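Computed from a predicted structure; not experimentally measured.
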Amino acid sequence: MRLKNKISGLWKKIARFIPPKVYYKQSLFTKYMSVSLIIVFLSFLLLGTILTLVISNFWTNQQISQLEQKTNNIAEYTVDRILPNIPVNGRATYNIKNEIEFRQTLSFTAEDNNIDIMLLNSDYQAFFVASNDRTILEGNLISPEIARLAIQTGKYSAKGTLDGIYKSDRYIVALPLYFKQSNVSVKSTENTALVGVAIVTADADDMSSITEIVLRLFILSAVAALSLSILAISIFSYNMVKPLKQMAVAAKQFGKGDFSVRVSETTNDEIGELAVSFNNMAESLSSSEITRKSFIANVSHELKTPMTTISGFIDGILDGTIPKEKQNYYLNIVSDEVKRLSRLVHSMLNLSRIDNGELKINYRNFDLFSTLVTVVITFEREIDKKNIEIKGLDEITPKMVNGDKDLLHQVIYNLVENAVKFTDDGGYIEFNITETSTDTEFFIKNSGQGIKKAEIPLVFDRFYKTDKSRSKDKKGLGLGLYLVRSIIRKHGGEITAESEYGVYTLFKFNIPKKQEKKQ
């Protein structure tokens, strides 16, 4: 309990120097260092306390054990020198054989071993004392309680002041002295009588010096280990926190619109995974920012061109610049531009619904072939004008699909519109719809200039146009194929493009069949 109270008190003292509000305003590096060092310090403190207690107990037990052996030898020697005497009322008187030699031997023994020897009679009065402490005199009553305990238990050993005789703690061992009529024995048996008690004490100050040496060595070792721990924890904490600091700086740059900053990916742990995810997020944000800027630029261009045309022609009609006989011609152009604006707004609305996740699929079964025929008839005038040959349409049979009829109509419309637009005069457009066990596949192939291999992965991006000059794609918005892919993916399918430049272009997509739930 004392050790626990000391540690608790020490922790409270340390905690006073780390106010909660100040502590939580510190950097992660400082917090980690503080907590780690406190844990290391408390670990060393606990280890030092336990080590000191273990060494102290071991040393005490060892000293008492040695003192017990010396006491036993002194007791044996003492009872061997006591002349037998018939006990009176269970208690014996004593006569010492060669008393002068006896006293000299025990005195030398006490001096050589740095111990005090006290021999007590049965009344607990000292009849022999060998001690540097001159206050302990023969004839004095010495520690009757300890003597009684030694007699009752056969041996007494402890660390103390011998009932206040000594000013500081000493190791104490007490043994009772017995003798029989024929011989003398330390151990009490039948037909024996108590002669007295032998008490031997030894200085315990050696323990203090040993403890001091151990603590000094431990403190030196702890300081060295703590220094290495500080160095190791500092390096580890810095390397751990460095990517987080980089992320904080990068996040601030992101807030300013700069998405070019990246953090180093130097580890394979959780911090490294976080750095990789952060860089992936930065790439995504950068790509989104580029897309956003491109989106704004393209929308501005797409809106500006028809509005400029409409404004110019309307003003020309109103101020009389355009003669009356040509007004219908230019009004038709204005009508086309208004329709172009309408398509742009419609596409933008669909695009917004897709990006916001608001595009809902209204599933129902319908004939995909019937939708294709309807779309082809819509472009009949343009097809006849360019003398385009339609292939495969008469070989297709009705194919039922489960999907959103209006959205898939827009998909086919956009694909046919592109095919008609980019098919060369006298070329062909080929259709095919096939079924497998899992999905329905739609093919549209047209002759013409085609798409360059490097541009195929880009054709489904927003506002991307393969005809950079807009010579053929004057009415295109660059959103058609992006919308097509988004709608197909909403249905769980995928669309791909193939092309041989200067020969043909092929688009194909699949619509998964609705799987019946197993009973």
J.: Looking only at heavy atoms, which two atoms of I117 and L106 are closest? And how far apart?
T.: CD1-O, 3.6 Å
J.: For N362, does its backbone N or O pair with a side-chain atom of D404 as donor and acceptor, under 3.5 Å?
T.: yes
J.: For ring pair (Phe, Tyr, Trp, His ring centres under 6.0 Å), just list the numbers for F460 and Y482, CA-CA rounded to whole Å, side-chain angles, deciding distance to a tenth of an Å, and then say yes or no.
T.: CA-CA 5 Å; F460 297 105; Y482 175 79; 9.5 Å; no
J.: Can a donor-acceptor pair be found between the side chains of N280 and S277 at a distance below 3.5 Å?
T.: no
J.: Identify the two heavy atoms, one from V197 and one from A150, that lie closest to each other, and give their separation to 0.1 Å.
T.: CG1-CB, 4.4 Å
J.: Would you call K452 and E455 a salt bridge, taking side-chain N to carboxylate O under 4.0 Å as the test?
T.: no
J.: E494: which residues meet the salt bridge (Lys or Arg N to Asp or Glu O under 4.0 Å) condition with it, sequence neighbours left out?
T.: R489
J.: Have D203 and Y171 got a donor and an acceptor in their side chains that come within less than 3.5 Å?
T.: no
J.: Evaluate the ring planes of Y77 and F102, with Trp represented by its six-membered ring, and classify them as parallel (under 30°), tilted (30 to 60°) or perpendicular (over 60°).
T.: parallel
J.: Could you tell me whether E441 and K508 have a side-chain N and a carboxylate O separated by less than 4.0 Å?
T.: no
J.: Is there a donor-acceptor contact under 3.5 Å from the side chain of N113 to the main chain of T109?
T.: yes
J.: Does a side chain donor of either T201 or Y166 reach within less than 3.5 Å of an acceptor in the other side chain?
T.: yes
J.: Please state whether the rings of H491 and Y363 are parallel, tilted or perpendicular, taking 30° and 60° as the class boundaries.
T.: perpendicular
